[in-house]
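Before any comments, here is the structure.
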Amino acid sequence: MRQYWLMKSEPDEVSIDDALAAPKRTISWFGVRNYQARNFMRDLMKVDDGVLFYHSSCAVPGIAGVARIASAPYPDTTQFDKKSPYFDPKAAPSEPRWTAIDVEALESFPVITLSDLKAEPTLEKMRVLARGNRLSITPVTSDEFRFITTRLSKRAR
DNA sequence: GCCAACGTTGGC
DNA sequence: GCCAACGTTGGC
C-alpha cells in the first residue's frame, strides 16, 4: 500500500522550486543523520510513496509542494567524503550507515504555513506537529495527505 | 540570538 | 545500563 511522508528541507539548501528545476525534477535526498529518519527511508519508503515537501529553518516554514519517492533507498555517499559536512568517520563503504533516496518534485504551491497547519482540527494528530518533534522525516496518514494536497493547497492559491 | 526539546556520547 | 554533558534542530 502506498505510504505518505513529510520531508523537511531548508530552502536555502534545496527548495521545492530547486527540485522542480532539477534534471527529471529529481533530487537525491542525502544528509539524513538521524537513525529514526534513516530507518523510515531504508525500511519503509517505496517508489511512488507521496511526499509533502516542507521548508524548514526559513522565514515562512511550512509545506511548499508535493513530491514522490522515485527510487529505492541507496547508500548516502556523503558519509564517506571527508570534505563533506555529512562525513561520518564511523561509516565504511563495506558497512554504510546512512541512506539516501531519490525524490521527484511534482508540484509547488504557496506555502501552507506551520500556523495554517496548526489551525486545522483535522491535522491535530499530525506527527510533524507533535510537541517536541524534531524528526526531519515523519509519516503522514492518507487522510492527512489528501486533506493537505486537495483542500489546503487549493485554498492557498 | 534564544532556548526548549530531544538525540548522542562517554565515563563510571 | 545510568545519566550528565554536550550537540543539534528549528520555531520564534
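Every chain is numbered from 1, with letters handed out A, B, ... down the list of sequences. This structure is a prediction, so every number in the text was calculated from the model and none was measured.
- With C:dG11, B:dG7, B:dA5 as the candidates, the nucleotide lying closest to the side chain of A:N34 is B:dG7.
- When the side-chain nitrogen and oxygen atoms of A:Y54 are compared with OP1 and OP2 of C:dG11, one or more of them lie within a distance under 4.0 Å.
- Put simply, A:K90 has a side-chain N or O that comes within less than 4.0 Å of OP1 or OP2 on B:dT9.
- Look at CG on A:L135: it is 16 Å from P on B:dA5, rounded to the nearest Å.
- Picking from C:dG11, B:dG7, B:dT8 the nucleotide with the shortest atom distance to the side chain of A:R134 gives B:dG7.
- Following rounding to the nearest Å, A:D88 (CG) and B:dT8 (P) show an atom-to-atom distance of 12 Å.
- There is a side-chain donor-acceptor pair under 3.5 Å between A:D17 and A:S108.
- If you measure from atom CZ of A:R131 to atom P of C:dG10, you get 17 Å, rounded to the nearest angstrom.
- Atom CZ in A:R127 sits about 16 Å away from atom C1' in C:dT9, given to the nearest Å.
- With contacts defined as side-chain heavy-atom distances shorter than 4.5 Å, the pair A:L123/A:E144 qualifies.
- Ranking B:dT9, C:dG10, C:dT8 by closeness to the A:S57 side chain, first place goes to C:dG10.
- At a threshold of 4.5 Å between non-hydrogen side-chain atoms, the residues A:I112 and A:E120 do not count as touching.
- Rounded to whole angstrom, the span from the CG atom of A:N133 across to the C1' atom of C:dT9 amounts to 10 Å.
- For the atom pair CD (A:Q79) and CG (A:D76), the distance works out to 5.5 Å, reported to the nearest 0.5 Å.
- Listed nucleotides C:dG10, B:dG7, B:dT8 differ in distance to A:Y35; the shortest reach to its side chain belongs to B:dT8.
- Checked by atom type, the side-chain pair A:D81/A:T78 shows no donor-acceptor distance below 3.5 Å.
- Atom P of nucleotide C:dT9 and atom CG of A:L6 are separated by 16 Å, given to the nearest angstrom.
- A:R33 places its CZ atom 11 Å from the P atom of C:dT9, with the value rounded to the nearest Å.
- Considering only side-chain N and O atoms, A:K8 lies nowhere under 4.0 angstrom from the phosphate OP1 or OP2 of C:dT9.
- A straight line from CD of A:E10 to C1' of C:dG10 spans 8 Å, rounded to a whole angstrom.
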